[in-house]
Amino acid sequence: QVQLIESGGGLVQTGGSLRLSCAASGRTFSSYDMGWFRQAPEKEREFVAFITRSGGLTRYADSVKGRFTISRDNAKNTVNLQMNSLKPEDTAVYYCATKDGYIRGAYYRASEYGYWGQGTQVTVSS
């Protein structure tokens, strides 16, 4: 019922910036917490950033804290990830996903999320 489409990925040099967007379908977007995850080749999917349904709380992986910023616009059914000071180790496919905003669960666990986008490739050249 919920479709998520990521966009904004691409190729960028070390130290550069990218802004990822995730567009959601439906009228229930504001009922979900949202997360960004990423997956590099031969690695498990890892948590990147989290934001509550109203945008009042955010959480980040230590590896991106201070460099990435998650935000959302419920009126537009979008969640964004501003990525600054990019490093080669940020290279991965980035996914946005929904989490039930009314059920307790670890925001950093991919298994807590229900709907996933198709992913967008981010490549940071060294």
Cut-off 3.5 Å, side chains only: do [X] and [Y] have a donor facing an acceptor?
X	Y	answer
N80	S21	yes
Y115	Q1	yes
N84	Q82	yes

Does some side-chain heavy atom of [Y] sit less than 4.5 Å from a side-chain heavy atom of [X]?
X	Y	value
V93	T120	no
S31	Y102	yes
V124	Q13	no

> L20 and V79: same hydrophobic cluster, using ILVMFWY side-chain contacts below 4.5 Å?
Replying inline: yes
> If you measure from CG on D73 to OG1 on T78, what distance do you get to the nearest 0.5 Å?
Replying inline: 4.5 Å
> At what distance, to the nearest 0.5 angstrom, does CG of L81 lie from OG1 of T69?
Replying inline: 8.0 Å
>> Check this for me: Q3, atom CD, are more than 12 non-hydrogen atoms of other residues, nucleotides or ligands nearer than 6.0 Å?
In response: no
>> Tell me if the CZ atom of R19 is crowded by more than 12 foreign heavy atoms within 6.0 Å.
In response: yes
> Counting N and O atoms only, with roles assigned by atom type, does the side chain of Q121 sit under 3.5 Å from a partner on the main chain of G10, one being a donor and the other an acceptor?
Replying inline: no
> Looking only at atom types and distance, does a side-chain atom of E6 sit under 3.5 Å from a main-chain N or O of G119, one as donor and one as acceptor?
Replying inline: yes
Taking all non-hydrogen atoms of both residues, which atom of [X] and which atom of [Y] are closest, and how far apart?
X	Y	result
E112	R104	OE1-O, 4.4 Å
V64	R38	CG1-NH1, 3.9 Å
G56	T52	N-OG1, 3.3 Å

> Is there any ring-ring contact (aromatic ring centres under 6.0 Å, His included) pair reaching into residues 3-38, and which pairs are they, with sequence neighbours excluded?
Replying inline: F37-F47, F37-Y113, F37-W116
>> Run T91 and V122 through side-chain contact (heavy atoms from CB on, under 4.5 Å) and show every step you take.
In response: CA-CA 5 Å; T91 295; V122 172; 5.8 Å; no
>> Pair R72, N74 - check side-chain contact (heavy atoms from CB on, under 4.5 Å), show working.
In response: CA-CA 6 Å; R72 69 190 297 162; N74 288 344; 2.7 Å; yes
> Looking at Y60, is R67 sitting on its ring face, NZ or CZ under 6.0 Å from the six-membered ring centre and within 45 degrees of the normal?
Replying inline: no
